[in-house]
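Below is one structure, written out as structure tokens; the observations come after it.
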Amino acid sequence: MKPAEFATLKIDDKEIELPVITGTEGEKGLDIGMLRKQTGYVTIDPGFMNTAACYSKITFVDGERGILRYRGIPVEELVDKHLFIEVAYLLVHGSLPNEEEKVEFSKLLNRNSLVHEDMRHFFDHFPRGAHPMHILSTMINALAAFYPNVDLLSMKEDIELSTARLISMVRTMAAMAYKKSIGEPVVYPRQDLSYCANFLNMMFDSPVVPYKIAPEAVRILNILLILHADHEQNCSTTTVRTIGSAQVNLYATISAGMSALSGPLHGGANQEVVEMLGYIERTGNVEKFMQKVKDKNNPARLMGFGHRVYKTFDPRAVIIKKECHDFLRKMKIKDPLLDVAMQLEKIALSDDYFISRHLYPNVDFYSGIVYRALGIPENMFTVMFALARLPGWIAHWKEMIGMNTKIVRPRQIYVGKRCKTKL
Ligand code: CMC
């Protein structure tokens with residue numbers, strides 16, 4: 001990008017001009033790429049609190065105004081009018097599919113929905129009780145052994161196929177992992193069902209009790225998947241871009257993103273929220289719990305609250321909260337955890353600790369309650385997040401590869417022991 005303006009930086013009596021880069025939504029950044037060459041200085045910003053690690057055309061987030069857009073389209077509009085697979089196409093290809101492209105993409109997803117039969121046996125050898133996120137990231141990594149066309153050129157040429165394989169097959173693997181964990185026979189994908197209906201059917205159909213797919217369940221799952229589909233440079237996407245910059249194959253790259261997502265401060269939070277709500281419901285002491293999360297000497301946090309970028313509200317949480325209430329009402333489900341969640345939110349939003357730190361409910365605060373209502377077990381919540389985030393990760397990998405990005409290799413400030421040897 002060509003800078004239209006420059007900022008002046010004075011270091012050691014030397015003045016240098018730093019190009020000012022302006023994004024399409026007016027965001028400004030200083031390009032410090034030449035700083036070390038010109039001055040000997042590096043910049044330091046642990047946790048990337050104030051560092052743009054790349055240029056991107058995929059997702060725009062405005063944390064102050066609570067805005068989230070994929071490829072320029074507000075997420076509220078996408079949730080209202082589109083299917084998850086259309087949004088996946090939008091993220092990966094840059095525009096929504098027309099009718100013909102949608103049909104082709106659906107066919108490709110269907111053709112790639114079956115897990116290689118030899119891979120099915122892998123599921124038998126994970127220990128009982130293994131977390132599905134660990135199973136799934138291992139299985140995704142193993143895809144490179146089953147579909148070994150993984151040098152960069154082949155992967156670039158095969159991107160359509162690899163995208164379909166990941167988006168469709170990983171959904172089948174997720175349902176298989178669940179079926180295995182409860183000792184039931186796996187259910188195969190069906191091409192007559194939509195992406196979300198197919199997933200629900202593979203999760204809950206059984207030879208003895210056929211699963212009746214409720215349109216409301218399909219609808220809300222579609223919404224949840226769209227809302228989680230991308231979120232610009234979050235921890236797992238940054239992992240994907242970082243690992244991918246070493247030209248590692250796409251499967252290994254996505255598997256690494258998935259591992260990053262499993263952390264409790266990232267995608268793992270949705271499971272932790274429901275565990276926290278359950279704990280409060282059992283012990284019945286909201287006030288005591290709130291004291292604990294505000295105590296500097298206690299590592300506990302109010303899970304599902306706070307966000308690195310959103311400082312007024314998380315637009316995803318606003319949609320999920322409303323949809324959660326509507327869904328539970330329509331399905332006539334009474335979940336005591338929803339009452340606890342509302343109580344916690346009410347207290348937090350009027351407590352100076354949370355107000356002064358700009359801590360609001362994030363995407364994970366209500367999503368777990370919806371998953372519970374869908375019958376999805378707690379240890380599968382983060383898997384749901386991962387399924388949704390696949391198109392985002394793939395889109396970022398594709399964009400990063402297309403930009404011929406240099407290998408990611410930050411610098412550091414060494415603060416260890418000095419060398420005593422005289423040179
Ligand atoms: N409960 C209590 N205090 C909190 C919380 C919370 N959930 N979140 C932040 N704080 C406090 C924190 O202790 C710090 O206080 P002080 O300034 O007195 O030291 C201040 O707020 C700033 O927190 P931070 O950890 O420096 O903020 P961050 O931007 O590094 O972290 C976060 C963002 C999401 C990791 C954090 O808010 C958090 O741990 N939230 C709970 C976990 C969670 O819900 N994660 C899901 C995030 S959204 C989905 C996703 O991206 O995966």
Side-chain angles (χ1 to χ4, degrees), residues 45-51 53 59 61 63-64 66 68 70 75 133 224-241 256-277 279-280 286-321 337 340-341 344-371 378 381-390 392-393 396:
D45 181 21
F48 286 178
M49 301 287 286
N50 195 44
T51 296
T59 290
V61 177
E64 274 70 38
L68 170 61
Y70 301 155
V75 77
M133 279 298 274
L224 283 177
L225 295 186
I226 292 176
L227 290 176
H228 287 84
D230 192 43
H231 211 243
E232 49 119 302
Q233 311 310 317
N234 54 84
C235 181
S236 56
T237 303
T238 302
T239 303
V240 164
R241 292 187 85 120
M258 193 140 180
S259 300
L261 187 76
S262 68
L265 296 191
H266 193 7
N270 55 14
Q271 179 177 343
E272 301 247 346
V273 169
V274 165
E275 284 168 6
M276 171 189 83
L277 297 175
Y279 169 80
I280 298 172
V286 181
E287 285 302 332
K288 197 166 160 208
F289 186 80
M290 290 305 257
Q291 288 311 323
K292 199 161 92 177
V293 298
K294 292 192 288 184
D295 179 357
K296 280 266 135 257
N297 301 314
N298 196 317
R301 288 198 160 190
L302 182 58
M303 298 309 285
F305 256 72
H307 197 274
R308 173 65 60 81
V309 182
Y310 292 121
K311 296 299 171 200
T312 48
F313 65 95
D314 179 338
R316 305 167 298 176
V318 174
I319 299 173
I320 297 180
K321 181 179 175 184
L337 298 198
V340 179
L344 277 181
E345 184 183 355
K346 196 169 166 218
I347 297 173
L349 294 185
S350 56
D351 185 315
D352 191 54
Y353 175 92
F354 293 92
I355 297 170
S356 62
R357 289 171 178 78
H358 308 287
L359 303 171
Y360 300 89
N362 61 46
V363 68
D364 290 322
F365 196 64
Y366 285 100
S367 64
I369 297 176
V370 179
Y371 290 136
E378 283 171 27
F381 289 2
T382 315
V383 168
M384 302 307 296
F385 194 154
L387 288 186
R389 190 51 62 85
L390 279 167
W393 289 331
H396 281 274

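These values consider heavy atoms only, across backbone and side chains, with no hydrogens, waters or symmetry-generated copies. Atoms within a ligand are numbered from 1 in the order they appear, just like the ligands themselves.
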- Item | Whether H266 side chain and S236 backbone form a donor-acceptor pair below 3.5 Å |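 A pair under 3.5 Å: yes.
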
- Item | Heavy-atom closest contact (F365 atom, V273 atom, distance) |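 It is O-CG1, 3.5 Å.
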
- Task: For ligand 1, list the protein residues that place a heavy atom within a distance below 4.0 Å of one of its atoms, sorted by chain and number.
- Result: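 Heavy-atom contacts below 4.0 Å: L265, H266, G267, A269, V293, K296, R301, L302, M303, G304, F305, G306, H307, R308, Y353, R357, L359, N362, V363, D364, F385.
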
- Interatomic distance, Y70 atom OH to L227 atom CG [nearest 0.5 angstrom]: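 Answer rounded to 0.5 Å: 6.0 Å.
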
- Item | Flag for D230-T59: side-chain donor and acceptor within less than 3.5 Å |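 Yes.
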
- Compute the ring centroids of H231 and Y310, then answer whether they are less than 6.0 Å apart.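 H231 vs Y310: aromatic centres under 6.0 Å.
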
Taking distance alone, no hydrogens or angles, what donor-acceptor pairs closer than 3.5 Å link side-chain atoms of residues 287-301 to residues at least two apart or in another chain?
{"unit_1": "K294", "atom_1": "NZ", "unit_2": "D351", "atom_2": "OD2", "d": "2.5"}
{"unit_1": "D295", "atom_1": "OD1", "unit_2": "N297", "atom_2": "N", "d": "2.8"}
{"unit_1": "N298", "atom_1": "OD1", "unit_2": "A300", "atom_2": "N", "d": "3.0"}

